[in-house]
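Notes for the one structure printed next.
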Amino acid sequence: MSQGINNEMAASKSRRIVKKLRWWMLVLFLFGVTVNYITRNSLGILAPELKTSLGITTEQYSWIVGAFQLAYTIFQPLCGWLIDVIGLKVGFMVCAIIWALACIFHAGAGSWVHLAILRFTMGASEAAATPANAKTIGEWFPKSERPVAAGWAGVGFSIGAMLAPPIIYFAHASFGWQGAFMFTGVLALLWVILWWAFYHNPDKHPNLSKDELAFIQQDNEPPAVKLPFFTALKTVSKNKRFYGIAIPAFMAEPAWAVLSFWVPLYLAKEHGMDLKQIAMFAWLPFLAADLGSVASGYLTKLYTRWFGCSRVNSVIASSVTGAFLMISLAIVAITRDPYITIVLISIGGFGHQIISCMLSALVVESFDKGQMATVNGMRGSAAWIASFLFSLLIGVTADKIGFNPLFIAMGFFDLIGAFFLVAFIAERRAKRA
């Protein structure tokens, strides 16, 4: 018996404790979604050349984009449920392997139909990113830190889109468009190795101190309950708060779809930019989105400090602030200066990411750990239904009426979403007797 105690003491001494490990785990996840967005946005950056090389029309390109968005819409709840049931580590890793291989196979595409099939596969597997985001925050952070953690986690979604233009441009210059797809796919596989090696749940992580584990678990939330897929969907669908999150997500996502898939084509068509110029400027809206992600969580603290908002209401106030910033996209329709256009779209990117991060924070705030990934997956599906429909609308109308009416619509969508956010989720002050 004494020998067993000695072995345990020796193992404890040899174990390396990493301070603030929860933030390092968030950084690891952030790297994953960064690579996710680099692979995802490779299509948009290469779209002008693909249209020429493969003879793709604007409408056919909209179907390629739509295939990704349709798969992303369908599979987000399923990926979320899968992650809730089999765990974040294995669930997210399997999906990452699939999207990496699908990206590599883009190099062999010979027509728009081939690209559409590959994008559907990629969309189905990349759909894991949104529910995995909520799961990571819910598992590794106490409630008091979750809004700030959600803001930092959102950086990964936009920094990947920000890095995609220069990375794709240099990969394209070195290896051609086929090699650019292969290069980004290999980046994803390298991240999979890091994830498998270093990610563990908090209660099983060998480098997590007991004090930090106690800090993470301070809210004494009940253990996660694993429900069958359709039971989980039914349970969430009965909760009014879900619609206060899903409807704003539906209204917000078309703007992000335009930033991710259509801005390069818009800059080429409306402002005559070539691939090099697009690579120089198309990353700026995503840099602004990064700043919006980081600012969102700290903005909640300001609303709490200055106006005495509750934690939930401060998150809502931050999201509403982002909705007002989205009006900048409507102003794009009345300017012809390409540099002012980039600035206005960047303000929209900043505002959108505030909204997106705060909606993720509300998921974590409003639902228990056993539902977080599923709910965020359903929230993502609501968002990507709008994204899918809006991309098809662009494909049918852009060549006929241009992009300006679409930018005007995007400028006001989020204010409609903000109304439902306040109506369904905002906490009311108790009435005085």
Side-chain angles (χ1 to χ4, degrees), residues 23 26-27 29-38 40-41 44-45 129-130 133 136-137 141 145-167 248-249 252-260 263-264 267 278-306 314-332 339-362 383 407 410-411 413-414 417-418:
W23 293 103
L26 189 65
V27 169
F29 174 77
L30 188 151
F31 282 153
V33 291
T34 296
V35 173
N36 178 293
Y37 261 78
I38 290 173
R40 179 183 308 186
N41 284 30
I45 304 302
T130 298
N133 178 33
T136 303
I137 295 167
F141 292 88
E145 286 190 335
R146 287 175 186 173
V148 173
W152 281 103
V155 169
F157 290 90
S158 47
I159 199 171
M162 181 189 77
L163 293 175
I167 288 176
E253 197 63 27
W256 192 248
V258 169
L259 262 66
S260 298
V263 162
L267 295 175
I278 290 171
M280 288 175 62
F281 294 106
W283 60 274
L284 289 171
F286 299 107
L287 173 61
D290 284 335
L291 299 175
S293 295
V294 175
S296 62
Y298 295 101
L299 193 57
T300 64
K301 292 182 178 293
L302 293 180
Y303 278 115
T304 299
R305 185 182 308 156
W306 291 350
S314 67
V315 172
I316 292 172
S318 183
S319 184
V320 172
T321 301
F324 278 101
L325 290 173
M326 296 302 291
I327 296 174
S328 64
L329 293 182
I331 304 175
V332 169
Y339 302 108
I340 294 177
T341 296
I342 291 291
V343 170
L344 292 170
I345 293 175
S346 297
I347 294 172
F350 184 91
H352 171 85
Q353 207 61 2
I354 289 178
I355 297 168
S356 181
C357 291
M358 292 301 93
L359 291 180
S360 290
L362 284 173
F407 274 104
M410 287 186 292
F413 279 166
D414 287 289

Under 3.5 Å donor-acceptor, [X] side chain and [Y] backbone:
| X | Y | value |
| --- | --- | --- |
| S328 | G348 | yes |
| T321 | A317 | yes |
| S346 | I342 | yes |

Decide yes or no on side chain to side chain contact (heavy atoms under 4.5 Å, CB included) for L344 and F407, but give the supporting numbers first. CA-CA 11 Å; L344 292 170; F407 274 104; over 6 Å; no

Would a 4.5 Å heavy-atom cut-off, applied to side chains only, mark [X] and [Y] as touching?
| X | Y | answer |
| --- | --- | --- |
| I355 | M326 | yes |
| W152 | V148 | yes |
| L362 | I316 | yes |
| V35 | F31 | no |
| L359 | P248 | yes |
| R305 | L302 | yes |

Applying side-chain hydrogen bond (donor to acceptor under 3.5 Å, both in side chains) to T34 and not counting sequence neighbours gives none

Looking at every heavy atom in both [X] and [Y], which two are closest together, and how far apart are they?
| X | Y | result |
| --- | --- | --- |
| F350 | A288 | CD1-O, 3.2 Å |
| L259 | P285 | CD2-CB, 4.0 Å |
| M358 | S318 | CG-OG, 3.7 Å |
| L26 | A149 | CD2-O, 3.8 Å |
| T300 | V315 | CG2-CA, 3.8 Å |
| F141 | R146 | O-NE, 2.7 Å |

Rounded distance [0.5 Å steps], [atom1] in [X] versus [atom2] in [Y]:
| X | Y | atom1 | atom2 | answer |
| --- | --- | --- | --- | --- |
| L30 | W23 | CG | CH2 | 11.5 Å |
| I345 | I331 | CD1 | CD1 | 12.0 Å |
| D290 | L163 | CG | CG | 8.0 Å |

Look at the rings of H352 and W256 and say which category their plane angle falls in: under 30° parallel, 30 to 60° tilted, over 60° perpendicular. parallel

I would like to know whether V33 and N133 meet side chain to side chain contact (heavy atoms under 4.5 Å, CB included); could you show each step before the answer? CA-CA 9 Å; V33 291; N133 178 33; 5.9 Å; no

